[in-house]
Amino acid sequence: MAQATRTADEAAEKGGRPSALFIADHPALDFLNSHATPAGRPIEWLADGADLLDWQVAAGMVTPEVAKKFRAHPALDAIAAEARSLRAWLGDFVRRHAGAPLPAKAAAELQPLNRLLAKDESYARVAADAAGQLHLERPRRWEDPEALLQPLAAAVADLACHADFRLIRRCAGHDCSLMFLDRTKAHARRWCSMAMCGNRAKAAAHRARQRPD
Ligand SMILES: [Zn+2]
């Protein structure tokens, strides 16, 4: 039993790495946070193809069955490299535009995204949902591992089209690089999470108050 627990812990911390973080309240920003510096230590969660599959399953972007299909594919590491390039481009785009409404002219900067979206092989079909209501859905054929880039591209497209860029922020934690979309009612979110940065900041403020002058 102890052995099984240790194995699970090791799986969660591949190479001393914590589990991937999904704190951004938007999948494209979670994708951006797949390379981040929480608590001052840079962590790469998309180091290779296996990482990409694990992250996409954890993010709910691909099913475990799709991940299994591509896990031994020789092109998988190259696809992960393309994902990291897309993420680097997204990071530049978000840093340039976060804090202000995204202007229509920003569409001109989206060619790398549009080139990727143009390769999408999803198709439309009508199906019944759980409530018995018919709806149009867009499944993918998943014939080539390149298709793994499409849910990432779709998330980035959703960010560009639907997110309020005024509410995209970086965590206020010292040395924390995590980004999020502040969907709170008061738009007063400051931290990636209370557990990681909020409590540390509160403790530091408390110590500062206790310090004699
Ligand atoms: Zn933080």
Side-chain angles (χ1 to χ4, degrees), residues 8-48 50-62 80-81 83-102 106 109 113 151-211:
D9 287 348
E10 280 162 11
E13 298 210 8
K14 182 175 166 183
R17 188 178 62 180
S19 301
L21 302 167
F22 296 95
I23 54 84
D25 240 352
H26 193 286
L29 296 178
D30 281 329
F31 172 46
L32 193 53
N33 289 340
S34 66
H35 181 273
T37 309
R41 186 167 67 107
I43 303 177
E44 173 60 85
W45 277 283
L46 301 183
D48 56 24
D51 268 3
L52 176 65
L53 291 177
D54 291 344
W55 187 89
Q56 289 193 292
V57 169
M61 283 185 180
V62 303
R84 291 194 298 272
S85 299
L86 175 68
R87 188 185 60 192
W89 170 84
L90 173 64
D92 285 344
F93 183 81
V94 167
R95 275 185 286 278
R96 207 160 43 243
H97 291 291
L102 194 60
E109 299 170 41
L113 175 66
L152 300 172
V156 175
D158 182 84
L159 186 79
C161 297
H162 300 301
D164 185 341
F165 269 59
R166 290 173 298 182
L167 303 178
I168 296 178
R169 304 217 176 89
R170 184 183 153 143
C171 174
H174 177 63
D175 276 353
C176 181
S177 73
L178 291 167
M179 306 287 294
F180 57 82
L181 181 64
D182 181 3
R183 294 187 197 256
T184 62
K185 232 180 205 166
H187 302 316
R189 180 174 169 186
R190 293 187 65 201
W191 315 109
C192 57
S193 79
M194 213 54 206
M196 278 193 292
C197 285
N199 288 339
R200 281 199 304 157
K202 275 187 175 174
H206 180 73
R207 279 195 302 277
R209 277 196 303 274
Q210 300 296 307
R211 208 172 292 143

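Both ligands and their constituent atoms are indexed starting at 1 by order of listing. The basis for the numbers below is simple: all heavy atoms, side chains too, and nothing from hydrogens, waters or symmetry mates. For clarity, every value in this text was computed on a predicted model and none was experimentally measured. Residues take their numbers from the sequence shown, with the count starting at 1.
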I need the Q56 CD to L152 CG distance, nearest 0.5 Å. 4.5 Å

Under 2.8 Å from the Zn ion (ligand 1), which protein N, O or S atoms do you find? Ignore water molecules. C171 SG, C176 SG, C192 SG, C197 SG

Parallel, tilted or perpendicular, as decided by the 30° and 60° cut-offs, for the rings of F93 and W89: parallel

Between R200 and D175, does any NZ, NE, NH1 or NH2 come within less than 4.0 Å of an OD or OE carboxylate oxygen? no

Mind checking whether P38 and L21 have side chains closer than 4.5 Å, heavy atoms only? yes

Using 0.5 Å steps for rounding, measure from the CG atom of D30 to the CG atom of N33. 6.0 Å

Ring-plane angle category for W55 and F31, please: parallel below 30°, perpendicular beyond 60°, tilted otherwise. tilted

